[in-house]
Amino acid sequence: MLRSIGRRLFLAACGTAMLVGTASAQQVVNVYTTREPALAAPLFEAFTKATGITVNSVFVKDGLAERVKAEGAASPADLLMTVDVGNLLDVVDAGVTQQVESKVLSDAIPANLRDPQGNWFALSMRARLIYAAKDMPKLTSFHYEDLSDPKWKGKICIRSGQHPYNIGLTAAYIVHYGEAKTEAWLRGLKANLARKATGGDREGARDIMGGICDIAVGNSYYVGLMRSGAGGPDQKKWGEAIDVVLPTFENGGTHVNVSGAAVAKNAPNKANAVKLLEFAVSPQMQAVYAKQNMEYPVLAGAEIDPIIAALGPLKIDSVSLVEVAKARKKASELMDKVGFDN
């Protein structure tokens with residue numbers, strides 16, 4: 001039976017020795033996750049019920065790669081779960097993952113949403129969207145390139161340019177157009193801001209309702225959190241006060257980021273880790289996992305939460321997330337160069 005969250009925190013506090021002792025006693029898989037354990041609990045519980053394999057989940061808020069690297073060959077970690085493709089690349093670059101060959105995973109997950117060498121795999125997605133005021137002419141389509149159009153001068157809200165969500169979008173722009181055009185785009189976008197780049201995505205919806213801006217850039221799952229009421233009555237009002245458009249690049253699709261996982265380099269229970277990954281991309285669990293987090297499943301045809309499905313069909317940008325992740329550093333440098341957050 002799955003350990004309670006309190007038990008997981010106890011395991012985390014006790015450290016490596018406790019997990020190793022547990023692993024030797026029964027069939028287990030040890031998961032280090034940067035996501036709150038409760039968000040993945042339905043997946044873990046279903047996996048244990050289906051296979052009899054116990055999931056020990058340890059929440060690692062910061063320094064996942066550093067922790068696993070420091071534990072070395074004695075690390076009990078089997079599976080590393082995290083949010084943002086950049087974080088997935090970080091654990092790969094730290095040398096704490098291993099390659100996995102699985103037809104189940106390669107058949108279920110599109111090639112641009114997994115590592116070509118099998119070091120990491122996306123499990124769910126969130127899209128970078130446009131929130132729009134309902135009292136202006138309805139936007140039926142929108143391109144990311146349009147964010148720098150002078151017609152939006154003084155009308156756009158966005159969070160810090162250095163936030164990973166915006167670094168990811170800017171890195172994707174670099175992959176599409178190169179550094180020079182991306183710099184010009186950022187300067188145009190900065191000139192169009194209604195206020196300083198600050199707050200969060202949900203504050204963009206709030207400020208649209210308050211008349212501060214006409215459009216905002218925000219992630220899809222925040223729409224789900226707001227409109228479902230999960231964020232409270234005020235946020236529900238924010239979510240209902242906006243229209244939502246799935247933008248695309250002019251020569252591509254909608255930019256997405258992912259949550260995903262990688263098998264640890266020294267996984268003592270590698271086979272169980274792969275089984276958990278394969279279980280996570282089954283149609284039933286893709287629907288459950290995506291709904292729990294208000295995200296899009298990576299498996300084509302898997303059920304989507306009705307609130308997210310109502311946003312419209314998602315055409316995923318075809319550029320490789322590996323290439324996007326590689327462009328993150330340059331994206332951050334360009335943000336500083338144009339003084340985006342000033």
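When reading the values below, keep in mind they use all heavy atoms of this one structure, side chains included, and skip hydrogens, waters and symmetry mates. As the structure is a computational prediction, the values presented were derived from the model and not from experiment.
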Flag yes if more than 12 heavy atoms outside Gln284 fall under 6.0 Å of its CD atom; otherwise flag no.
no

Taking all heavy atoms of Ala38 and all of Pro42, pick out the closest pair and write down the distance.
O-CD, 3.7 Å

Out of curiosity, does Met136 fall in the hydrophobic cluster containing Ile242 (side-chain heavy atoms, cut-off under 4.5 Å, transitive links)?
no

Would a hydrophobic clustering, with Ile, Leu, Val, Met, Phe, Trp and Tyr connected at side-chain separations under 4.5 Å, put Leu299 with Phe279?
no

Minimum heavy-atom distance Gly312-Tyr296, with the two atoms named:
O-OH, 4.5 Å

Between Asp201 and Arg128, is there a side-chain N and carboxylate O pair less than 4.0 Å apart?
yes

Donor-acceptor pair, side chain of Asp214 and main chain of Ala133, under 3.5 angstrom
no

Taking the side chain as everything from C-beta on, heavy atoms only, tell me whether Val217 gets closer than 4.5 Å to Leu189.
no

What's the verdict on side chain to side chain contact (heavy atoms under 4.5 Å, CB included) for Leu88 and Val258, showing C-alpha distance, side-chain angles and the deciding distance?
CA-CA 9 Å; Leu88 288 168; Val258 299; 4.0 Å; yes

Using 0.5 Å steps for rounding, measure from the CD1 atom of Ile53 to the CG atom of Asn269.
8.5 Å

Parallel under 30°, tilted from 30 to 60°, perpendicular over 60°: which one fits the rings of Phe249 and Tyr144?
tilted

Within the 3.5 Å criterion, strictly below it, is a donor on Ser75 or Asn266 matched to an acceptor on the partner's side chain?
no

Under the side chain to side chain contact (heavy atoms under 4.5 Å, CB included) criterion, do Val288 and Leu43 qualify, and how do the steps go?
CA-CA 7 Å; Val288 170; Leu43 167 64; over 6 Å; no

Is Lys134 atom NZ crowded by more than 12 heavy atoms from other residues, nucleotides or ligands, each under 6.0 Å away?
yes

Main-chain N/O of Lys155 paired to Asn192 side chain as donor or acceptor, under 3.5 Å:
no

If you define the side chain from C-beta out and look only at heavy atoms, does anything of Glu179 sit under 4.5 Å from Thr182?
no

Taken to the nearest 0.5 Å, the spacing of Leu147 CG from Ile215 CD1 works out to 5.5 Å

Short question: side chain of Ser220, backbone of Ala127 - any donor-acceptor pair under 3.5 Å?
yes

Between CD1 of Ile156 and OH of Tyr131, what distance do you get to the nearest 0.5 Å?
14.5 Å

Side chain to side chain contact (heavy atoms under 4.5 Å, CB included) between Arg35 and Asn293: does it pass, once the steps are laid out?
CA-CA 10 Å; Arg35 305 196 82 160; Asn293 302 303; 3.7 Å; yes

Under 4.0 Å between a side-chain nitrogen and a carboxylate oxygen: does that hold for Asp90 and Arg328?
yes

Using the rule that two of Ile, Leu, Val, Met, Phe, Trp, Tyr join whenever any of their side-chain heavy atoms come within less than 4.5 Å, decide whether Leu105 and Leu79 are in one cluster.
yes

Considering non-hydrogen atoms only, spot the tightest contact between Pro268 and Asp78 and give its length.
CD-OD1, 2.9 Å

For the residue pair Phe47 and Val29, establish whether any side-chain heavy-atom pair is separated by less than 4.5 Å.
yes

Report yes if some heavy atom in the side chain of Phe44 is under 4.5 Å from a heavy atom in the side chain of Leu276; otherwise report no.
yes

Ignoring hydrogens, what is the shortest heavy-atom contact between Asn342 and Lys190? Give both atom names and the distance.
O-NZ, 3.1 Å

Between Lys181 and Glu250, is there a salt bridge with N-O shorter than 4.0 Å?
no

Do Tyr177 and Val322 share a hydrophobic cluster, counting only Ile, Leu, Val, Met, Phe, Trp and Tyr and linking them when any side-chain heavy atoms are less than 4.5 Å apart?
no

Before accepting this row, confirm whether a basic side-chain N of the pair Glu323/Lys326 lies closer than 4.0 Å to the acidic partner's carboxylate O.
yes

Within the structure provided, determine whether Arg227 and Val244 are in side-chain contact (heavy-atom separation under 4.5 Å).
yes

Would you give the length of the straight line joining atom CG of Leu169 to atom NE2 of His163, rounded to the nearest 0.5 angstrom?
13.0 Å

Taking C-beta and beyond as the side chain, do Glu145 and Tyr173 meet within less than 4.5 Å on heavy atoms?
yes

Would you find a donor on one side and an acceptor on the other, under 3.5 Å apart, between the side chain of Tyr165 and the backbone of Ser160?
no

Passes side chain to side chain contact (heavy atoms under 4.5 Å, CB included), Leu193 versus Ile158? Steps please.
CA-CA 8 Å; Leu193 297 184; Ile158 196 169; 3.6 Å; yes

Taking NZ in Lys236 as the centre, count heavy atoms belonging to other residues, nucleotides or ligands within less than 6.0 Å. Is the count above 12?
yes

Measure the shortest side-chain to side-chain distance between Met125 and Val298 over non-hydrogen atoms and say whether it is less than 4.5 angstrom.
yes

For the CG atom of Asn272 and the CD atom of Gln27, what is their distance to the nearest 0.5 Å?
4.5 Å

Side-chain donor or acceptor of Thr254 paired with backbone N/O of Pro247 under 3.5 Å
yes

Does Ala132 offer a backbone N or O that forms a donor-acceptor pair with the side chain of Asp243 under 3.5 Å?
no

Determine whether Val91 and Ile167 fall in the same hydrophobic cluster, where Ile, Leu, Val, Met, Phe, Trp and Tyr are linked whenever their side-chain heavy atoms lie under 4.5 Å apart.
no

Minimum heavy-atom distance between Asn251 and His176, given as atom pair plus value
OD1-ND1, 3.2 Å

When rounded to the nearest 0.5 Å, the distance separating CZ of Phe142 from CD1 of Ile130 is 4.5 Å

Can you name the closest pair of heavy atoms from Val83 and Thr34 and give their distance?
N-OG1, 3.6 Å

Does the Gln98 side chain pair with the main chain of Lys265, one donor and one acceptor, at a distance under 3.5 Å?
yes

For the residue pair Arg67 and Tyr32, would you count it as a cation-pi contact if the rule is NZ or CZ under 6.0 angstrom from the ring centre and within 45 degrees of the ring axis?
yes

Checking Asn112 side chain against Ser320 main chain: does a donor-acceptor pair fall under 3.5 Å?
no

Between the side chains of Gln162 and Ser332, is a donor N or O closer than 3.5 angstrom to an acceptor N or O?
yes

Give a yes or no on whether the backbone of Ser106 and the side-chain of Arg114 come within a donor-acceptor separation of less than 3.5 Å.
yes

Side-chain donor/acceptor of Asp305 to backbone N/O of Met294, under 3.5 Å:
no

Can you find a pair of side-chain heavy atoms, one from Leu80 and one from Leu64, that are under 4.5 Å apart?
yes

Determine, for Glu333 against Lys330, whether the closest basic-nitrogen to carboxylate-oxygen distance falls under 4.0 angstrom.
yes

Is it true that Glu183 and Arg187 have a side-chain N and a carboxylate O under 4.0 angstrom from each other?
yes

